[in-house]
Trainee: 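Pasting a structure here, questions to come.
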Amino acid sequence: MTTSIAIELNGEPRELAGPATVADLLAAIGLDARKVAVERNLEIVPRSTYAETALASGDRLEIVHFIGGG
Amino acid sequence: MDGIQAAISADSVDEGWTVAGRNFRSRLIVGTGRYKDLEETGRAIAASGAEVVTVAVRRVNLADPKAPMLQDHVDPKKYFYLPNTAGCFTAQDAVRTLRLAREAGGWNLVKLEVLGPPPFLYPDMRATFEAAEALLKDGFEVMVYCADDPVAAKRLEEMGCCAIMPLGAPIGSGLGLQNKVMIRAIVEQSKVPVLVDAGVGTASDAAEAMELGCDAVLMNSAIAHAQHPVLMARAMKAAVEAGRLAYLAGRMKRQEAADPSSPLTGLIR
């Protein structure tokens with residue numbers, strides 16, 4: 001069964017084919033999970049739980065990494 | 001005076017310093033922003049001899065997830081990444097940012113800065129205290145950017161911050177140390193490392209900070225915005241080492257009148 005999940009990702013609306021986990025989302029974008037951190041609805045998602053953290057419509061996600069800064 | 005003995009007996013350039021149980025030989029911490037490109041970033045940081053680099057935490061570029069990353073040019077196995085909260089204007093944003101940084105990096109040692117509005121981006125001390133309290137409670141080791149205020153600095157130390165980092169001048173201004181008396185006062189009262197963070201413009205500013213007794217200096221723009229960043233990175237390395245050695249050596253007394261070095265006896269007539 002495929003349902004559509006509407007989330008907000010880094011401030012932008014995004015539609016995903018569900019069901020989907022954080023790990024699925026990172027893979028779909030093409031991000032190396034070891035180089036990023038994920039916040040879901042203002043809570044950190046531990047890297048060890050990406051594969052079991054299911055996304056739901058209305059979720060607000062932030063995916064960040066380290067960049068040059070002072 | 002262990003430091004002096006170590007420096008003299010080993011004839012070494014420097015005896016190193018410790019923050020939150022981590023030992024570093026280099027007393028120069030450099031930022032990784034504002035360079036022309038990542039390749040120049042890597043070369044300048046290598047030339048600086050720094051072991052600790054500050055990094056920012058930002059949203060990934062979803063449109064180009066394969067874009068070159070800082071890690072490709074500044075190896076996180078070789079350098080200690082010190083995450084900062086640059087660009088955070090509230091305690092809440094700073095705490096969120098560092099929680100993400102801890103998850104991305106896997107360690108607790110971070111640099112907290114909560115800024116006031118332009119044009120000075122002066123540290124917002126009320127928000128800084130609020131964020132520091134939350135972070136310390138959450139198990140972070142907090143190096144804290146702060147005003148050159150000895151009372152605030154002491155309070156941050158008593159709360160449990162592991163390094164006190166007053167500004168020498170506004171971020172990115174390159175004005176040099178505008179507040180030597182207060183920096184020295186903070187150095188003299190502190191039991192944790194004190195670093196000048198922000199304001200350094202050229203090598204003599206970095207040497208001056210070290211001569212005041214700071215444990216280390218943190219800078220970014222002074223190197224990145226020099227005409228030749230890699231050369232300036234080398235200059236800063238030398239300046240920090242020279243300033244530290246001068247501090248350990250103890251400068252001569254100042255006096256108003258001349259005091260000749262050559263004997264005044266035995267002169268020909």
Side-chain angles (χ1 to χ4, degrees), chain A, chain B residues 29-35 37-38 40-42 45 53-67 69-74 76 81-87 92 95-106 111 113 145 171-172 197-198 218-225:
Chain A
M1 183 193 76
T2 310
T3 51
S4 181
I5 305 171
I7 63 166
E8 188 184 303
L9 177 57
N10 286 0
E12 291 174 10
R14 198 170 179 113
E15 292 273 334
L16 308 173
T21 64
V22 170
D24 295 334
L25 176 63
L26 294 178
I29 302 168
L31 288 169
D32 182 345
R34 291 166 304 176
K35 289 183 177 171
V36 301
V38 180
E39 185 194 76
R40 176 173 172 250
N41 302 329
L42 301 177
E43 296 284 338
I44 297 290
V45 183
R47 191 171 291 149
S48 57
T49 66
Y50 287 172
E52 63 224 47
T53 303
L55 297 172
S57 274
D59 278 355
R60 292 183 58 210
L61 278 99
E62 295 283 348
I63 304 178
V64 302
H65 64 158
F66 292 133
I67 67 154
Chain B
I29 297 181
V30 294
T32 53
R34 313 190 85 176
Y35 287 92
D37 52 36
L38 286 171
E40 186 185 72
T41 311
I45 287 167
V53 299
T54 60
V55 295
V57 178
R58 292 291 182 274
R59 286 171 166 171
V60 297
N61 182 355
L62 295 170
D64 188 9
K66 298 294 181 206
M69 284 184 156
L70 182 66
Q71 286 96 322
D72 301 328
H73 293 268
V74 181
Y81 272 31
L82 180 66
N84 70 23
T85 57
Q92 191 204 13
V95 172
R96 271 180 81 192
T97 297
L98 290 177
R99 284 184 176 144
L100 281 162
R102 178 166 63 179
E103 187 59 27
K111 171 185 162 180
E113 58 183 293
Y145 175 64
I171 291 170
D197 176 0
L218 198 163
M219 66 182 72
N220 191 152
S221 305
I223 297 175
H225 279 187

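Here the structure is a predicted model, which means the values were calculated and not measured. Per chain, numbering begins at 1; letters A, B, ... match sequence-line order.
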Trainee: For a side chain to side chain contact (heavy atoms under 4.5 Å, CB included) check, start with the C-alpha distance between E62(A) and R96(B), then their side-chain angles and the critical distance, and finish with the verdict.
Mentor: CA-CA 11 Å; E62(A) 295 283 348; R96(B) 271 180 81 192; 3.9 Å; yes
Trainee: What are the two closest heavy atoms between A56(B) and G68(A), and how far apart are they?
Mentor: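 Nearest heavy atoms, A56(B) then G68(A): CB-O, 4.0 Å.
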Trainee: Could you tell me which non-hydrogen atom of A37(A) sits nearest to which non-hydrogen atom of E103(B), and how far apart they are?
Mentor: CB-CB, 4.0 Å
Trainee: CD/E39(A) to CZ/R99(B) distance, rounded to the nearest 0.5 angstrom?
Mentor: 9.5 Å
Trainee: Which of the residues T32(B), I29(B), V55(B) is involved in the greatest number of heavy-atom pairs with chain A at under 4.5 angstrom?
Mentor: T32(B)
Trainee: Return the minimal non-hydrogen interatomic distance between K111(B) and G70(A), and the atom names on each side.
Mentor: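 Smallest interatomic distance, heavy atoms only, reads NZ-O, 4.0 Å.
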Trainee: Which atoms of R34(B) are under 4.5 Å from chain A, going by heavy atoms: the side chain, the backbone, both sets, or neither?
Mentor: neither
Trainee: Between chain A and each of V53(B), L218(B), N220(B), N61(B), count heavy-atom pairs under 4.5 Å; write down the option with the most.
Mentor: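 Of the candidates given, the most pairs with chain A belong to N220(B).
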Trainee: In this structure, which one of I67(A), N10(A), L9(A) forms a side-chain contact (heavy atoms from CB on, under 4.5 Å) with R59(B)?
Mentor: N10(A)
Trainee: Identify which part of Y81(B) has an atom lying under 4.5 Å from any heavy atom of chain A, answering side chain, backbone, both or neither.
Mentor: side chain
Trainee: For I29(A), is it the side chain, the backbone, both, or neither that has a heavy atom closer than 4.5 Å to a heavy atom of chain B?
Mentor: both
Trainee: So for A101(B), is it side chain, backbone, both, or neither that comes closer than 4.5 Å to the heavy atoms of chain A?
Mentor: both
Trainee: How far does CZ of F66(A) sit from CG of L82(B), to the nearest 0.5 angstrom?
Mentor: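 Separation between the atoms: 9.5 Å.
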